[in-house]
Amino acid sequence: MTDFEIEPIGYDPSVVEARWRSSWAERGTHRTDIANGERPFYALMMFPYPSAEGLHVGNLFAFTGCDIYARFQRLQGHTVFEPLGYDAFGIHSENFALKVGKHPMDLIPSNIRNFRRQLDRAGLMVDWSRSVDTTQPDYYKWTQWVFLQLYKQGLAYKKAAAVNWCPSCKTVLANEQVEGGTCERCGTVVEQRFLEQWFFKISDYAPRLLKNLETLDWSPTTVQAQRNWIGKSEGAKLRFAVIDPLVDAGSSAVSVTTEMRGMTAQIEVFTTRPDTIFGATYLVLAPEHPLVEQLTTPNQDGVVREYRARSSKQDLISRKTTKEKTGEFTGSYAVNPATGAMIPIWIADYVLMEYGTGAIMAVPGHDERDFEFAQKFDLPIPRVVAGEGQDAHTPFNGAAYVGDGVLVNSGEFDGLGVTEGKAKVTAWLASKHAGEGVTNYRLHDWCISRQRYWGPPIPIVYCDDCGTVPVPESQLPVVLPNIPDFKPDDSGISPLARHEEWYRTPCPTCGKMARRETDVSDTFLDSAWYFLRYPSVGRDDIAFDATITKKWLPVTTYIGGNEHAVLHLLYSRFITMVLHDAGMLDFEEPFAKFRAHGLIIRDGAKMSKSKGNVVNPDDYIEQWGADSFRTYLMFLGPFEEGGDFRDAGISGVKRFLDRLWASVRDCDHAAAAEDEVNRKLHATIKKVGEDVPALSYNTAIAAMMEYMNALRKGERKTARAEVEPLVQMVAPFAPHVAEELWEMLGHKTSVFDSRWPVYDPSLLVSDTIELVVQVSGKTRGKLVVSKTITQDEALAAARADASIGKFITGEPKKVILVPGRLLNVVL
RNA sequence: GCGAAUGUGGCGGAAUUGGUAGACGCGCGGGACUUAGGAUCCCGUGCCGCAAGGCGUGUGGGUUCGAGUCCCACCUUUCGCACCA
């Protein structure tokens with residue numbers, strides 16, 4: 001190497017990165033001082049499921065985004081805690097184990113080893129001394145403990161209920177795990193089954209889960225998703241008296257009173273339009289409604305029975321996608337409490353048992369679905385709301401009228417607006433004991449039982465004498481046994497139920513032989529509290545330490561995928577609220593700030609195994625280094641929107657890091673920063689310092705590249721003062737090479753123990769500005785002028801400039817000067 | 001169907017409160033250094049045009065001295081919810 005010219009411009013990432021990986025490990029650079037660290041900052045990322053395929057680029061995209069944020073906060077002087085663990089229980093792991101014929105207890109540890117290897121190479125600032133693995137007894141002991149806390153609060157209960165059953169996964173699913181009638185996991189059409197299940201009363205918390213959303217600094221899309229899911233709607237619960245079919249069947253009476261004899265039952269409906277009750281001409285029950293049997297008259301029995309059988313068997317897909325209305329008349333009638341009219345009771349599958357009361361009053365004139373149904377079955381369609389230009393007799397033009405208007409054909413309420421009508425009609429019906437105003441939520445209780453093997457056993461014992469007995473906390477964990485035959489079957493009973501040696505246990509209360517609960521809990525319970533565990537990892541006497549928790553939580557920033565907007569994120573909020581109410585936490589919202597990241601696609605298409613366009617991080621890290629890979633991932637689009645991964649793009653990022661490396665290597669340690677460059681440097685410090693906390697990583701990188709270009713313009717020799725701050729700014733993105741360069745600059749400690757550079761605002765202002773000159777709104781050029789130039793001076797200068805002046809052909813009608821920016825001469 | 005986004009060069013994407021559209025990167029063209037270059041460095045690169053100049057942010061209107069940005073209507077794509085009474 002005799003000549004400066006032939007020295008390589010680039011650095012070898014494999015050497016540099018290996019060197020710093022071991023240095024960080026040796027020096028404990030990523031270890032967080034939980035007990036004494038000042039200005040704690042808890043940067044959380046969603047922990048991955050350790051699949052056999054290894055780390056997905058989407059995982060790495062999310063982790064890197066979080067890592068950059070965390071490293072930046074560290075450079076701001078925070079003690080940052082960035083933990084990561086494994087969400088390894090659950091159906092996904094178990095199904096894969098079944099597929100490859102291995103036991104999950106063997107499979108998961110090897111998957112985790114592989115994940116750990118990949119994660120180590122990614123350059124994350126993760127404190128591995130405080131990790132969690134949800135499948136370890138020292139973790140799920142506390143998951144079971146969480147269950148017991150809910151049980152103690154009366155928020156965990158068991159009931160036989162119609163639940164979603166996935167025939168392929170052979171287990172029940174929570175509502176949140178059913179997507180459009182299919183299993184979110186395997187896509188199989190979900191069936192309804194009637195089974196005994198454990199539920200958490202999350203519905204009790206619906207109003208609070210909804211209200212607190214207003215106070216959270218979360219991505220708006222996530223907040224909106226939760227709001228929709230909780231699904232608040234204001235309306236009324238109304239009661240319709242049923243006329244005894246035996247007494248009144250075949251009666252031709254059109255009008256009856258509520259005092260009439262023979263009333264056997266009442267039907268409760270939920271409606272958001274109590275104002276339209278005068279137009280309710282029939283009732284509809286969901287086919288599986290418990291009253292249907294009782295209401296069906298002998299001559300309708302056959303068709304009703306057949307319809308119910310058909311709709312229970314019919315897959316939910318066709319039921320939810322076909323708009324075609326079907327239904328059957330039960331033969332019974334009820335009394336409309338407003339009109340006193342006798343109205344028929346139908347069953348139809350467009351009414352869902354899961355929502356409201358499973359029954360509706362049908363107002364065909366003012367509800368599209370009811371209209372369609374009434375037309376098909378030739379039921380009366382009266383008008384009770386008149387819109388603009390309509391009156392009580394305006395005919396329907398082939399569609400229901402769902403707009404605003406005034407009530408008509410509604411007795412004493414005629415003429416009231418819809419809003420006022422709702423309130424007055426509800427009050428009137430309440431005075432007649434026919435109903436009351438209620439708020440209804442779409443959110444259902446969370447079904448947590450799973451008839452599977454790979455999860456934490458639910459810590460409950462059933463004793464013939466004592467009944468349902470929770471396992472005492474001192475006897476936790478209830479260890480999941482290693483059984484060879486963990487395959488689920490169609491019976492609706494967990495594989496653990498085949499192991500008497502496991503489930504037979506003395507009753508914790510009386511000591512008599514009893515039977516353990518053989519269901520395990522939903523994976524989402526594991527992840528609903530893991531963030532509470534991280535700072536307290538190592539404490540085996542308690543789930544989370546009060547002092548440490550007070551110091552570190554709520555989580556300062558949580559970054560994750562929006563696919564968990566209604567599952568994990570809602571459950572975590574719920575569990576946190578419950579523990580707060582039990583006096584164990586002094587906050588009720590776990591995540592102060594949440595940001596949803598975008599998705600990575602590849603060459604304009606979604607990545608998928610079948611398309612063969614999946615990015616394997618290992619290959620890219622091998623070829624380009626983790627620093628370039630990380631930086632490229634952040635550069636390809638806005639972090640919160642995701643981006644399009646194209647192989648060609650990564651070279652530009654590597655080139656940038658190479659140039660930086662060369663600039664540092666060749667820099668002049670003694671020279672002062674050149675004025676022009678220094679100004680640019682301070683503008684860059686400002687820009688990057690604002691972009692990074694806003695997660696605008698792509699523009700932050702662009703700004704640093706721009707500065708790099710300015711730095712090298714004219715093949716000049718750079719000064720140390722010009723590159724040193726750039727090394728710090730690059731550090732969150734490319735931590736390995738930044739450490740290397742920091743060391744090359746003579747520092748003995750980690751760049752992450754340095755302080756983020758501070759910009760000098762006085763360098764960002766200058767006395768002269770570039771004034772854009774427009775003539776009649778068209779840009780004709782620009783002038784370098786004094787910042788304080790007046791309108792007249794600017795106009796004169798524009799006239800004097802040859803290329804601009806020629807466009808100013810006459811006397812201007814109007815002249816507009818935007819100080820410091822632009823001059824528009826209107827002719 | 002409902003709701004939320006989105007639409008800018010050949011491509012990924014930038015653009016304070018309305019104020020130089022296309023930053024940064026890829027790709028492409030030219031040059032330098034080279035036995036060589038898929039390395040590196042320099043210059044150029046929205047479209048049309050020799051030029052002067054004109055035209056350009058999904059489409060059509062509008063507000064304004066001035067619109068990618070604001071308003072109205074429509075279209076595209078994506079995501080979420082999907083008979084929720």
Side-chain angles (χ1 to χ4, degrees), chain A residues 5-10 179-181 220-222 224-225 227-229 231-233 235 269-273 276 280 284 319-325 348-352 354-363 366-370 372-373 440-442 562-563 565-566 598-599 601 603-604 606 632 635-638 641-653 655-656 658-659 662 696 698-709 712-715 770-782 806 812-818 820-827:
Chain A
E5 306 278 346
I6 65 162
E7 247 191 283
I9 179 82
E179 288 176 351
T221 51
T222 314
Q224 193 56 41
R227 192 167 283 140
N228 291 342
W229 191 262
K232 176 179 178 169
S233 62
V269 304
F270 173 73
T271 179
T272 55
R273 295 296 302 274
T276 61
V284 189
R319 186 173 151 184
K320 288 197 170 174
T321 48
T322 46
K323 283 271 176 182
E324 184 65 24
K325 295 284 179 288
D349 63 9
Y350 83 91
V351 174
L352 309 175
E354 309 91 77
Y355 185 75
T357 60
I360 61 155
M361 67 174 203
V363 184
H366 307 285
D367 181 281
E368 284 171 31
R369 296 151 302 180
D370 297 344
E372 207 186 315
F373 190 84
N440 195 52
Y441 293 91
R442 208 181 82 117
N562 230 358
E563 68 274 16
V566 291
L599 297 174
I601 56 170
D603 297 323
K606 229 178 218 167
Y632 178 57
F635 185 56
L636 47 74
E641 286 166 34
D644 191 352
F645 191 100
R646 285 169 194 256
D647 289 1
I650 196 167
S651 61
V653 170
R655 205 166 300 162
F656 164 66
D658 280 339
R659 287 171 183 164
S696 188
N698 55 334
T699 54
I701 294 165
M704 291 189 282
M705 287 174 164
E706 213 180 317
Y707 176 60
M708 185 79 245
N709 293 343
R712 293 170 59 86
K713 204 160 193 174
E715 294 188 40
E770 272 194 351
L771 189 73
V772 174
V773 183
Q774 299 183 335
V775 179
S776 293
K778 271 198 189 352
T779 303
R780 295 300 183 183
K782 56 193 174 185
K806 66 180 175 186
K813 267 193 258 174
K814 195 170 179 181
V815 179
I816 292 146
L817 178 76
V818 181
R821 232 177 243 286
L822 153 148
L823 177 78
N824 190 1
V825 183
V826 185
L827 296 176

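All of these numbers come straight from a predicted model, not from anything done at the bench.
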Taking only side-chain nitrogens and oxygens of A:K778, does any of them come within less than 4.0 Å of OP1 or OP2 of B:A21?
no

Determine the contact category for A:V772: base if any of its heavy atoms lies under 4.0 Å from a base atom, sugar-phosphate if only primed atoms, P, OP1 or OP2 are that close, otherwise nothing.
base

pair_partner(B:G53), Watson-Crick or wobble, both distances < 3.5 Å, evaluates to B:C48

Any idea which heavy atoms bring A:W229 and A:V566 closest together, and the distance?
CB-CG1, 3.4 Å

Quick check: any donor-acceptor pair below 3.5 Å linking the side-chain of A:R659 to the base of B:U40?
no

With both distances under 3.5 angstrom, what nucleotide forms a Watson-Crick or G-U wobble pair with B:C41?
B:G31

Would you tell me if any nitrogen or oxygen in the side chain of A:R712 comes within less than 4.0 Å of OP1 or OP2 on B:C41?
yes

Check every strand shown and say whether A:I816 touches a base, only sugar-phosphate, or nothing at a heavy-atom separation below 4.0 Å.
base

For the side chain of A:L352, counting heavy atoms from C-beta on, which of B:C65, B:C83, B:G25 is nearest?
B:C83

Complementary nucleotide for B:C2 - Watson-Crick or wobble, under 3.5 Å:
B:G80

Quick check: closest heavy atoms across A:V815 and A:L823, and the distance to 0.1 Å?
CG1-CD1, 3.7 Å

How many whole angstroms separate atom NZ of A:K713 from atom P of B:C24?
10 Å

Picking from B:A23, B:A85, B:G19, which would you name as closest to the side chain of A:A702?
B:A23

Rounded to the nearest Å, what distance is computed from the CZ atom of residue A:R780 to the C1' atom of nucleotide B:G19?
16 Å

Distance-only, no hydrogens or angles: does the A:Y632 side chain make a donor-acceptor pair with backbone N or O of A:R646 under 3.5 Å?
yes

Rounding to an integer number of angstrom, what distance separates B:G29 and B:G62 when you compare their C1' atoms?
43 Å

Suppose you measure atom C1' in B:G53 against the same atom in B:G49; what distance do you get, rounded to whole Å?
8 Å

B:U17 to B:C26 separation - C1' atoms, rounded to the nearest Å:
33 Å

Starting at the 5' end of RNA chain B and moving along, which residue's nearest nucleotide shows up first, A:D367 or A:V653?
A:V653

What pair of heavy atoms forms the shortest contact from A:D658 to A:G10, and how long is it?
OD1-CA, 3.2 Å

Interatomic distance, A:Y350 OH vs B:G1 C1' [rounded to whole Å]:
17 Å

Taking the P atom of each, how far is B:C28 from B:G80, in whole Å?
36 Å

Measure CG/A:D644 against C1'/B:G25 and give the value in whole Å, please.
13 Å

Checking contacts here: which listed nucleotide (B:G12, B:G19, B:C26) is nearest the side-chain heavy atoms of A:V818?
B:G19

Partner nucleotide, any strand, of B:G7 [Watson-Crick/G-U, under 3.5 Å]:
B:C75

Touch class at under 4.0 angstrom, heavy-atom based, for A:N709 against every strand present
sugar-phosphate

Just to be sure I understand the rule, does A:P638 reach a base, reach only the sugar-phosphate, or reach nothing, if contact means heavy atoms closer than 4.0 Å?
sugar-phosphate

Chi class for B:G9: syn within 90° of 0, otherwise anti
syn

If we take the C1' atom in both B:A82 and B:G13, what is their distance in whole Å?
34 Å

B:A23 - base-pair partner by Watson-Crick or wobble geometry, distances under 3.5 Å
none

Spacing between A:N228 atom CG and B:C79 atom C1', to the nearest angstrom:
13 Å

Give a yes or no answer on whether the side chain of A:N440 reaches the backbone of A:S233 with a donor-acceptor pair at less than 3.5 Å.
no

Relative to the ring of A:Y350, is the ring of A:F373 parallel (under 30°), tilted (30 to 60°) or perpendicular (over 60°)?
tilted

Nearest non-hydrogen partners of A:D370 and A:V363, listed with the distance
OD2-N, 2.9 Å

OP1 or OP2 of B:G53 sitting under 4.0 Å from any side-chain N/O of A:K806?
yes

Figure out the CD/P separation between A:Q774 and B:G66, and round it to whole Å.
10 Å

At under 4.0 Å between heavy atoms, what does A:E770 touch on the DNA or RNA strands: base, sugar-phosphate, or nothing?
base

Please report, rounded to the nearest Å, how far the P atom of B:A21 is from the CZ atom of A:R821.
13 Å

With rounding to whole Å, what would you report as the distance between B:C79 and B:U40 at their P atoms?
37 Å

Looking across every strand, which nucleic acid part, if any, lies under 4.0 Å from A:R442 by heavy atom: base, sugar-phosphate, or nothing?
base

Got a donor-acceptor contact below 3.5 angstrom from the A:N698 side chain to the A:L636 backbone?
no

Could you check whether A:A648 gets within reach of a base, just the sugar-phosphate, or nothing at all, counting any heavy atom under 4.0 Å?
sugar-phosphate

A:R655 vs B:C26: side-chain N/O to OP1/OP2 distance below 4.0 Å:
yes

Under 4.0 Å between a side-chain N/O of A:T779 and OP1 or OP2 of B:A21, yes or no?
yes

Between A:E770 and A:K782 the two heavy atoms that sit nearest each other are OE1-CD, 3.7 Å

Measuring to OP1 and OP2 of B:U20, would you say a side-chain N or O of A:K782 lies under 4.0 angstrom away?
no

When you compare B:C81 with B:C65, how far apart are their C1' atoms, in angstrom units rounded to a whole number?
46 Å

Take the protein atom NZ of A:K325 and the nucleotide atom P of B:C83, then report the distance between them rounded to whole Å.
10 Å

Pick the C1' atom in B:G7 and in B:G22, then give their distance to the nearest Å.
15 Å

Contacts of A:D370 and A:N824 projected onto RNA chain B by closest heavy atom; the upstream (5') one is A:N824

For B:C70, give its Watson-Crick or G-U wobble partner with both distances under 3.5 Å, or none.
B:G62

